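Sequence lines set the chain letters: A, B, ... in the order given, protein chains first and strands last, and positions in each chain run from 1. These values consider heavy atoms only, across backbone and side chains, with no hydrogens, waters or symmetry-generated copies. This is a predicted model, so every value here is computed, not measured.
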Amino acid sequence: MKDKGKLLVFFLIGSEAFFFIALIIAYVYYRNFTQATDTVAHHLNVPRAAVFTCCLILSSFTLIASKKQLFKSNLKKFKVLIAITILLAVVFMAGQIYEYIELYHKQITISKDVFGSSFFTLTGFHSLHVLIGLIALSLLFAFSFGNFKILAFAGINGVEIYWHFVDIVWLFVFFFVYIKPIL
Amino acid sequence: MKDIQFDNLGAISELFSYFLIVAAIILGLVIFYTLFFSWKYRKKSDQEVPEQIHDNRKIEYTVITLAFVITMTFLVFTIRAMNGVENIPKNSSPDLVITGHQWWWEAFYANSGVVTANEIHVPTGKKILIQFNSDDVIHSWWIPRLGRKMDLVPGMDNYLHVFIKDEGEYVGSCSEFCGAQHGLMRIRLIAHAPEDFEKWQESQSKPTVSSVNKLFQEGEKLFYSKTCISCHALSSKELTPDIGPNLAHFASRKYFLSNAFKNNSTNLEAWLDNPQKLKPNAKMPDLKLNETEIKALSFYLQKLK
Amino acid sequence: MSIHLKISHPDKKLPSLKTDRGRLTWFSTVDHKQIGIMYLWLALFFFIIGGLEAMVMRIQLTVPESSLVAPEVYNQIFTMHGTTMIFLALMPVLLGLGVYFIPLMIGANEMAFPRLNAFSFWITCLGGILLYVSFFTGGAPAAGWFSYAPLSENQYSLTQGVDYYVIGLILTGMGSLGTALNFAVTVLTMRVKQMKLNMLPLFVWMSFINAFLILGAFPLLNAGLVMLLIDRQLDALFFLPSSGGSAILWQHFFWSFGHPEVYILILPAFGIISEVIPVYARKPIFGYSFIAASTVVIALLSFGVWGHHMFAVGMSNTLNGFFSAASFLIAIPTGIKVVNWIGTLYKGSIRFTTSMLFALLFLLNFTIGGLSGVSFAIVPVDWQLTDTYYVVAHLHYVFLGGTAFAAFAGIYYWFPKITGKLLSEKLGKWHCWLFVTGFNMTFLLQHVLGMLGMPRRVYTYFDYPYWAILNAISTIGAVIMFIAIGIFLWNIYATLKKAPSSESNPWQAHTLEWATPSPPNLKNFDVLPPVHSRRPLWDLNNPSKKDKKLN
């Protein structure tokens with residue numbers, strides 16, 4: 001029997017991709033198709049963001065490793081690896097929050113100009129997805145303790161695809177928002 | 001007429017009539033076959049089991065090819081007609097700038113510097129370039145007899161060439177939903193022979209004539225004291241304030257309120273008395289004028305030739 | 001190793017309001033049939049509300065310079081009419097029929113995700129309710145169903161109507177997305193073993209393709225909507241040209257959703273027609289593979305045609321040409337379908353039931369709507385006719401003459417399946433003929449009104465030559481449609497009061513949903529007939545003339 005949950009998440013992220021494409025298009029549109037100059041880009045700390053980006057990418061790999069351990073029924077290693085995954089995601093989120101606070105002190109807000117609007121909307125919605133992923137990961141982690149181990153098995157495939165998706169979206173965001181302006 | 005590259009309405013009607021002919025033939029075939037088959041193959045008995053036909057590739061491919069040929073022919077016509085419209089480079093210098101407001105039209109004649117509102121005059125026999133933009137929401141300029149419509153988009157300049165052969169009045173309407181009074185946002189374009197247009201433009205360029213009439217002066221005073229002046233300019237050379245229509249030479253206009261009402265004292269007094277009653281949601285506030293004030297203001301405005 | 005719902009006993013009857021714990025079971029149900037029925041009621045309810053709004057507009061427009069309805073009220077009414085009919089009447093009726101029949105038609109006992117199914121329904125409901133709550137908060141949205149920025153921004157839409165519009169649409173959109181996910185996974189994983197993908201009934205196939213259209217289109221709308229909401233609530237500047245935003249960007253987002261949405265509303269309708277016509281003609285559908293393939297072509301092309309809603313905004317001719325070409329191309333697969341439906345009639349044995357009548361009239365009405373749609377691909381013609389009553393006429397020929405006629409055909413066809421009771425044919429024919437008369441009276445002449453220069457969305461008009469008489473005829477037509485709907489409602493009411501008939505397959509239909517008792521028990525299938533062709537029940541009834549064997 002095919003894994004319905006996996007298929008569901010697969011279609012779901014396909015649909016979500018369109019949502020993020022639209023948000024990225026808005027950002028690119030303002031920068032490249034209007035006279036306005038990007039006011040956010042040069043306030044961003046690219047090297048620091050790159051480090052956090054690496055954390056997020058790394059978390060994808062730890063998640064893959066943890067899945068392997070789960071299917072080998074090595075619960076202990078699974079728990080450790082998924083805990084690392086969660087930790088990496090939290091670090092990423094912390095970086096994001098730090099960035100927001102820093103921009104706020106530079107008086108860059110969502111209502112400052114179109115770049116403020118699209119920067120916070122795009123990264124905000126991405127962070128929201130990271131948060132949802134974090135909740136899902138935490139649930140998997142929690143399930144691995146009690147009598148619900150079966151739920152961890154049932155959920156891991158879907159969560160994994162979703163998490164990779166969140167990762168890949170970030171790579172695009174990172175490219176268009178952080179890298180592209182300095183190229 | 002070669003130099004007039006695109007006779008707007010002519011080209012559109014020509015294409016549209018080709019389309020109508022083809023569409024009518026297709027529709028006729030669909031109706032005929034649907035009705036004919038329905039009648040011919042109606043149930044004869046409960047027991048009959050018709051022949052089970054699954055498909056007929058030949059018919060399918062013929063139809064696809066035919067449909068492809070027809071639509072692509074139309075595509076070629078479409079592209080040709082579309083490219084017949086002169087491509088107007090952005091930032092070119094227009095003869096006339098029309099700005100949309102909720103809910104009136106402002107016209108600025110670039111060559112003479114004249115500003116007027118709602119009643120728009122143009123010369124015949126001459127290609128004029130109109131620039132469109134909007135001060136608030138999206139409006140759309142459309143005079144059916146002159147062909148295509150053009151949107152007035154805030155933050156964006158659109159251009160259109162207009163060539164009018166015959167003198168007369170051309171009416172149209174705002175064709176993009178722009179809020180409460182979209183329905184009454186009419187357009188009136190008056191085409192004059194070039195000499196008459198020059199005359200009109202000259203008369204508009206002059207300052208409005210003052211009068212020693214007592215009622216007139218009272219009205220003039222009211223126009224300032226009741227703060228009408230903070231929204232309505234009185235000189236045809238002034239672009240500001242841009243809130244209400246420029247009222248220079250107001251009396252020369254046949255209609256007012258974006259061409260929805262005849263410009264006469266009855267309507268004008270009704271408007272001054274209670275703007276919201278005549279045109280709900282209009283931006284004009286109720287100034288709470290008494291009857292003598294209304295009379296004086298109305299008299300004053302009607303003398304602004 | 002996964003978590004299952006408890007499958008009920010095969011003989012357990014579907015609960016009604018009177019059995020079991022009555023209403024409570026309906027609120028808590030995850031059964032696809034119950035949810036499907038609720039979708040249909042929801043659609044009917046909002047269809048009536050939207051219809052009443054249409055009547056208010058028609059009455060206001062009967063005579064020139066009428067002041068019955070104030071402009072701001074009229075604008076709220078037409079905004080709500082469009083939004084309601086599209087998101088709360090047509091979407092639910094099509095999704096509802098899908099939710100009810102897709103599992104039955106593929107021999108499954110449930111949807112792939114029953115709880116998600118219930119969630120989707122209730123969130124759609126919530127969206128609808130929120131949209132209508134706006135009336136009590138100072139005013140419904142009044143910026144049109146397309147909510148063009150900057151008119152929909154704070155400065156120009158002062159009431160909270162647009163906020164309710166945004167949130168309402170996001171919620172119903174989530175419902176549609178959930179259902180679409182469910183359809184896609186259900187069709188891929190829940191089919192009875194012998195049923196290959198190329199044996200799917202066309203209604204299922206079209207709903208399946210449609211699911212992907214929904215998955216692609218709604219996120220684009222949602223992205224636009226959240227930006228608008230952030231603009232309105234957090235003072236962002238996405239669509240405010242005065243502060244560097246772009247008014248055109250909203251239109252791109254809206255129509256890149258809006259045009260696929262048109263196909264989202266018509267593809268399942270095509271599916272219904274492709275089910276109904278063969279049954280009453282006693283023939284297999286003509287050119288199954290062409291109908292199925294053309295659906296895929298439509299789905300792909302539908303994402304490349306949105307620009308034809310924007311030819312008048314001043315895009316470059318290159319862009320215009322591209323969108324024009326795509327819009328022409330999409331007419332071809334649509335035309336193929338019409339040819340195939342007519343081909344199905346050829347040498348059939350046609351039964352003129354109400355359902356079949358609606359299907360045949362769909363063919364004629366939809367052809368008019370489809371053809372007038374092609375005229376918008378001709379850019380210069382679009383420049384002239386866009387945003388006039390010609391468009392109003394066109395879109396009603398597609399949505400009402402197309403989708404709604406197909407929905408009626410489907411309801412008359414499947415009503416005995418859902419309830420075990422046949423709708424009265426006599427009342428049905430009255431409904432059908434009155435409706436088609438009223439419909440054409442209302443909308444055919446609106447093409448002419450548009451050519452004469454009457455713009456859309458005007459709350460009143462002046463007495464230009466012919467405008468008054470054409471509008472008056474239009475209103476009379478609307479009244480006739482209104483009466484027809486009254487007959488339809490009466491028909492439903494009277495039929496529901498009757499005792500169920502014993503026949504489980506009154507039309508001798510040939511797809512799997514008719515292999516269960518009517519109405520089906522709580523568990524759909526106890527035993528399934530063998531499935532070797534697209535028409536398993538036909539094979540059972542006509543052993544000597546079996547359908548093409550496909551497995």
Proximity breakdown for C/Trp538 and chain B, heavy-atom pairs closer than 4.5 Å: side chain

B/Tyr61, part contacting chain C, at a heavy-atom distance under 4.5 Å: side chain

Gap between atom CG of B/Leu27 and atom CG of C/Leu371 - 0.5 Å precision: 6.0 Å

Residue pair C/Ser375 / C/Tyr390, side-chain donor-acceptor N/O under 3.5 Å: yes

Contact class of B/Ser140 relative to chain C, heavy atoms under 4.5 angstrom: neither

Interchain contact, C/Ile285 with chain B, by part (heavy-atom threshold 4.5 Å): backbone

Under 4.5 Å from any heavy atom of chain B - which part of C/Phe286: both

Interatomic spacing from CE in B/Met82 to CG in C/Asp382 - rounded to 0.5 Å: 11.0 Å

Engaged part of B/Ile31 at the chain C interface, taking heavy atoms whose separation is under 4.5 Å: both

Most contacts with chain B, counted as non-hydrogen pairs under 4.5 angstrom, among C/Tyr74, C/Tyr288, C/Phe78: C/Phe78

Donor-acceptor pair between B/His101 and B/Glu106 side chains, under 3.5 angstrom: yes

Which portion of B/Met185 sits near chain C, non-hydrogen atoms under 4.5 angstrom: neither

Residue among B/Leu184, B/Leu66, B/Val22 with most heavy-atom pairs under 4.5 Å to chain C: B/Leu184

Chain B contact via C/Tyr346 - side chain, backbone, both or neither, heavy atoms under 4.5 Å: both

Side chain, backbone, both or neither of C/Glu65 within contact of chain B (heavy atoms, under 4.5 Å): neither

Best-contacting candidate, C/Met356, C/Lys283, C/Met451, against chain B by heavy atom pairs under 4.5 angstrom: C/Lys283

Heavy-atom pair count under 4.5 Å with chain C, highest-scoring of B/Tyr33, B/Phe36, B/Phe68, B/Phe132: B/Phe68

Most chain B-contacting option - heavy-atom pairs closer than 4.5 Å, from C/Val379, C/Val458, C/Val313, C/Thr367: C/Val313

Top contributor to chain C contacts, counting heavy-atom pairs under 4.5 Å, from B/His182, B/Lys44, B/Gln52: B/Gln52

Which portion of C/Tyr459 sits near chain B, non-hydrogen atoms under 4.5 angstrom: both

Point-to-point distance, once rounded to the nearest 0.5 Å, from CD of B/Glu176 to NZ of B/Lys149: 9.5 Å

C/Phe323 ring center within less than 6.0 Å of C/His308 ring center: no

Point-to-point distance, once rounded to the nearest 0.5 Å, from CZ of C/Arg456 to OH of C/Tyr389: 8.5 Å

Check: C/Trp145 ring centroid to C/Phe254 ring centroid under 6.0 Å: yes

Chain C contact via B/Asp136 - which portion, at a heavy-atom distance below 4.5 Å: both

With B/Glu119, the salt bridge (Lys or Arg N to Asp or Glu O under 4.0 Å) member among B/Arg253, B/Arg188, B/Lys254, B/Arg186: B/Arg188

Region of C/Phe311 in contact with chain B, defined by heavy-atom distances below 4.5 Å: backbone

When C/Val338, C/Thr386, C/Thr388 are compared by non-hydrogen pairs under 4.5 Å with chain B, the top option: C/Thr386

Mutual orientation of the aromatic rings belonging to C/Tyr148 and C/Phe146 [parallel < 30°, tilted 30-60°, perpendicular > 60°]: perpendicular

Closest-packed option against chain B by number of heavy-atom pairs under 4.5 Å, given C/Val73, C/Thr344, C/Asn340, C/Val374: C/Asn340

Rounded distance [0.5 Å steps], OG1 in B/Thr62 versus CG in B/Asn56: 8.0 Å

Options B/Leu35, B/Leu152, B/Asn281, B/Asp135, ranked by heavy-atom pairs under 4.5 Å with chain C, top entry: B/Asn281

Mutual orientation of the aromatic rings belonging to C/Tyr464 and C/Phe462 [parallel < 30°, tilted 30-60°, perpendicular > 60°]: perpendicular

Contact leader toward chain C among B/Ala67, B/Ser38, B/Ala260, where contacts are heavy-atom pairs under 4.5 Å: B/Ser38

Ring center gap for B/Phe19 and B/Phe77 short of 6.0 angstrom: no

Crowding at CZ, B/Arg80 (>12 non-hydrogen neighbours, <6.0 Å): no

Heavy-atom proximity to chain C below 4.5 Å, by part of B/Ser45: backbone

C/Arg535 versus chain B, the contacting section by heavy-atom distance below 4.5 Å: side chain

Part of C/Ala325 lying under 4.5 Å from any heavy atom of chain B: both

Between B/Met150, B/Arg42, B/Met72, the one whose heavy-atom pairs under 4.5 Å with chain C are most numerous: B/Arg42

Greater than 12 external heavy atoms within 6.0 Å of B/Lys277's NZ: no

Residue selection (most heavy-atom pairs with chain B, distance under 4.5 Å) from C/Ile342, C/Val339, C/Asn542, C/Thr460: C/Ile342

Side chain / backbone / both / neither for B/Val49 at chain C, heavy atoms under 4.5 Å: both

Interatomic spacing from CG in B/Leu15 to CD in C/Gln384 - rounded to 0.5 Å: 12.0 Å

